[in-house]
Structures are given as structure tokens and as C-alpha cells.
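First comes the structure, then the notes that go with it.
Just so we're on the same page: letters track the sequence lines, and every chain starts at 1.
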There are 2 protein chains.
Amino acid sequence: MWKYAVMAMTKAVSIRAMNRERINEAVLAAARDQIAASGANSLSMRAIARELGMASSAIYRYFESRDALLTKLIIDSYDSLGRAAESAEARISRDDPGGRFRAICHAVRRWALANRHEYFLIYGTPVPGYQAPQDTVGPATRVADLMIALLVESDMARPRLSQSVAATPATAALHRALAPIRAGVSNEISDAELASGLSVFSALFGAVSFELSGQLHNVIKDGEASRRAYFDSQIDGWLAVLSW
Amino acid sequence: MWKYAVMAMTKAVSIRAMNRERINEAVLAAARDQIAASGANSLSMRAIARELGMASSAIYRYFESRDALLTKLIIDSYDSLGRAAESAEARISRDDPGGRFRAICHAVRRWALANRHEYFLIYGTPVPGYQAPQDTVGPATRVADLMIALLVESDMARPRLSQSVAATPATAALHRALAPIRAGVSNEISDAELASGLSVFSALFGAVSFELSGQLHNVIKDGEASRRAYFDSQIDGWLAVLSW
DNA sequence: GATTGTCAAGAGCACTGCTCACAAATAGGT
DNA sequence: ACCTATTTGTGAGCAGTGCTCTTGACAATC
């Protein structure tokens, strides 16, 4: 069926496919605008349709449901954040792990500040009843992958302390707890280091979430200068935890 | 007007006032049930009215609007969490700051696990358009107050290192950033310590949020034993940051 | 016993996600 | 060029939402 269409060069992609693609993008753009303006909560299918000048029911030709639209937006947001972190990290000299770590942290915060509602779309309250489909896990781990790579790499370069920790019940339990992530991480890196890395990772998002959700109000002075100074002091703390 | 009512002893509180109080509590209870079942997002005034067997419009005699109800629920949640943390901390010997810190962390996590939706009500995505009224700030800081007290107290007991940090531009900026919280905190405690304390505080909520929103899926083994082992390892890290 | 303030109910407005039957546009094969 | 099958758009409609306003009933006060 497609064989002939492809052969017919000029209409390799049909007008329909092109239109479909165009409208699909327009729907997503309108949705992103709406989310940026007032959050995912108030994302309205009808409002998108109005914006695009089409019947409210027509939207459902492009996205099966509101949830499906949301899923697509979530994946895109993860990708956008991942791209931002990756490109910021890539700009730093390879032999400066501390600098690369700093770059990732600042990239995450910058992206979050510039896209608050998209940030909360992925790191905010989980939507009740909404089960994250499998497609979201890949993009979701881009930032984490970056940090794990950094952790492993800098661990290889570090002189082995060969400090075999005493096998207490606690360390054994931690070892079992880390089993799932172990599947994808070098065995060179110790349980303690891996756990520290994860902890710093969640601390990063805790810090960003606190700033974005206004929990720092009346605690840290408003304004980018102060907020950034405090964030920098936090990064120093995390670097110390990772002994960098 | 009330003068006579009060004088009439037996009916100091009228039947009306009592009924009103009873229904008010019933509305709140139904609302909490609904939130526990499916989150704040899907809290419905009509559903509450149905539950209580009254007309949908009658609810508005008790709460001016959905937002007003939400505000009351938020305050109650902050109080509930604060109470949980306080009573857990109070059970630990006064001369064991590390133990008291651990108790607070575990209390926060336990409360969050037992009241996930209420947790996200206060530490999740801020509701767009919803401005937290002034009444919420008091209860909101109960856990933080507890930790700051601990920080100050244990700092007094610690031998002064009198390490006057070099006054770099960064330390000066951090000092300015911390101005708001300084208003309510002893000057004995240094900027660096205060910032570390805050950072650990947000890390705690970052860790709890990560666990509750499923970000640890495929990372840390499911089940309370593993989750708790990982959480304990995080507490150890935070204790180290605070040099306890 | 009359008055006054309070409360519940019902109807209604404007909105939401979503479905369905139908009409228009476009595709492919003859 | 024609015919048929698929795809896209439409409008009506269902069931739900928060919220308002009027109306009638009742309890508390005088």
C-alpha cells in the first residue's frame, strides 16, 4: 500500500499526514501555553479546541483523552529538562567533575525556574488515577543517568580506599535495597557511594521544589542573587558529601 | 444580644451552634476521606454534599468556597504533621540531638506514608491561583521550628571552633540571602550552619517526595524494609553534614 | 405571639471530559 | 474520471463540576 506512495516521490508524505502533523504540533503548543499560564490542573481540551478554532470534539482525533495529552507533555518535559542538563554538562571540561556536577545542578534549577509548571508536571503531585505509562521511564532518567555516569567515572579515577565497610545488618539491608539500580550501574562503585549519589540527587530536586513552591518565602531573601547564592552554598554541601 | 444568652447558663451554646459545629466537622471528615481516597485535585463540593445527604448548595453555608475548604484542610494537615514530629521528638532523651533529629525525620516520613494525599496537599504542586492565606504560615513552620531549635541548642553545646570564615563575595551573598530567617534565629549560629540546616531540611522533604511520588521505582527495592534502610542511610548522611 | 436571623433546598449558569451519528474531505485502485 | 474506503471535522448530547440566587421552613429572640 505504501510502496506506491513512496515511489511517487512528490507525495511521499501525503497532504493528510502533513496536516495531521501540523495540527498535532499546534495542539501541543496550545497545551504547553495553557500549562505555562496556569498549570496542568487547569489544562482544558475544550479551551485548546477554542484556541485552534475547531470543534471541541475534534481534539479527540489527535489525542485519545486528556490523560494521553498529558502523557505526551510529560515525556516532552522530561526530554526538555534532560537536554538542558546534558548540554550544560557537555560544555564543561571532562576532567572537572565538580564543575560538571555544578553545571547539571544549575541547569536543572534554571530550567525549572523558566518552566515552573512543566517542572511540577513531572516532579509535582502525581495525578491521582494517572498511571505513568512505560514510555515515560526512558526520558525520565536522563538527568539521573548523567549524574550516575559522573559518579562512576570520577570513582574510577579516584585512588581506591579499599575501605571494606563492616558488614552490619544496616549495610546488608542497604545492599538489598539498592538491588534494582545495581542492574544498570558498575560494580566498581560502593553501596555507600551509590546511596550518597541518589540522596544528593533527590536533595537537588527537593531544593528546587522548595524554591519553586514558595517554601523559602520569609526564609531566603527574594531575588535571583540571593536565591542563587543559597543554591550555590547547597551545591558546595552536596559536593562535600560526594567528596569532590 | 449574647449577654442574655450567656446568662441563661443551660443554653450558653445554642442548639444551632452545636448543630453547626457537628455538620462542620462532618464536612471536614468527608473532605478528608475524599482527599485520602483520590487526592485534593478531585475534591468535590457536590460529592461531599451527596455523602452527607444534603443539597449541594447547603455546603456553602459552612465553607464559603472550595478554596476556603482547602485552606482549612491545609492548615489541619500542617498541624497534624507538626504534632507528629513534635511528639516523636519529645520522646527522645534531651541530650541526644542525633536521636532527636532521627526521630523527626522518621516521623515526617511515617506521617507522609500514612497520609500521602495530605502530604501532597501541603508539599506538592502549588494550586494555581490559590494564594496561601496568612493563617497557614504559623502551622507550616512547626517542623522547621523544631529543627532550628535543635540546631541552635546543639550548637550552643558544641565547643566553639571560632573558625571565622574568609569573607569572600560568596559568603557575603549568603549572609544577605539568609537575612529573613535571621530575624528569628539566634546569632550564635553561623551562616554556614544555618544554610546547612535549611539544606538538610529541604533534602528531607525531597527524599520523602521522591519516595511518595514513585521516583524510586526501579531504583530502590519496593517494600518498607528496603525503603527504610535507604532512608536511614540518608539520615546518616544528613547527620554528617550537620557534624553530629 | 410576632419578628428576626439562620439554614436547607431547588433551579439555573457556565464550565468540564467525552461519545456518537453524521457530513465533508481526501486517499487509493480501477 | 469515477468510485469506494478511510480519515477528519461538526454539532448535539450526557453526566459531571463550582457557584449563585430565590424561596420556603424553622429556631431564637423579643
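Near DNA chain D, defined here as any heavy-atom distance below 4.0 Å, the residues from residues 53-66 of chain A are M54(A), A55(A), S57(A), A58(A), R61(A), Y62(A), listed numerically. Contacts between residues 21-31 of chain A and DNA chain D, defined by a heavy-atom separation under 4.0 Å, are made by I23(A).
Residues S209(B) and Y119(B) bring a donor and an acceptor atom of their side chains to less than 3.5 Å of each other.
Distance alone, capped at 3.5 Å, is enough to place a donor-acceptor pair between the S65(B) side chain and the A68(B) backbone.
Ion pairing between a basic and an acidic side chain is recognised when a charged N comes within 4.0 Å of a carboxylate O; E211(A) and R109(A) show such pairing. Salt bridge K72(B)/D76(B): present, at least one basic N to carboxylate O contact under 4.0 Å. In summary, D232(A) and R102(A) do not engage in a salt bridge, as defined by a charged side-chain N under 4.0 Å from a carboxylate O.
Judged by a 6.0 Å distance limit and a 45° cone about the ring axis, R142(B) is not positioned over the six-membered ring of Y78(B).
Checked against side-chain contact (heavy atoms from CB on, under 4.5 Å), E51(A) has the following partners two or more places apart in sequence or in another chain: A30(A). With sequence neighbours left out, R227(B) forms a salt bridge (charged side-chain N to carboxylate O under 4.0 Å, His left out) with D222(B).
With a 4.5 Å cut-off on side-chain heavy atoms, M18(A) and R22(A) do not count as touching.
The end-to-end axis angle of the helix from dG1(C)-dC30(D) to dT30(C)-dA1(D), rounded to 10 degrees and based on five pairs per end, is 0°.
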Give every pair of a protein N or O atom and an N or O atom of nucleotides 13-15 of chain C that lie under 3.5 Å apart, one pair per line with the distance.
none

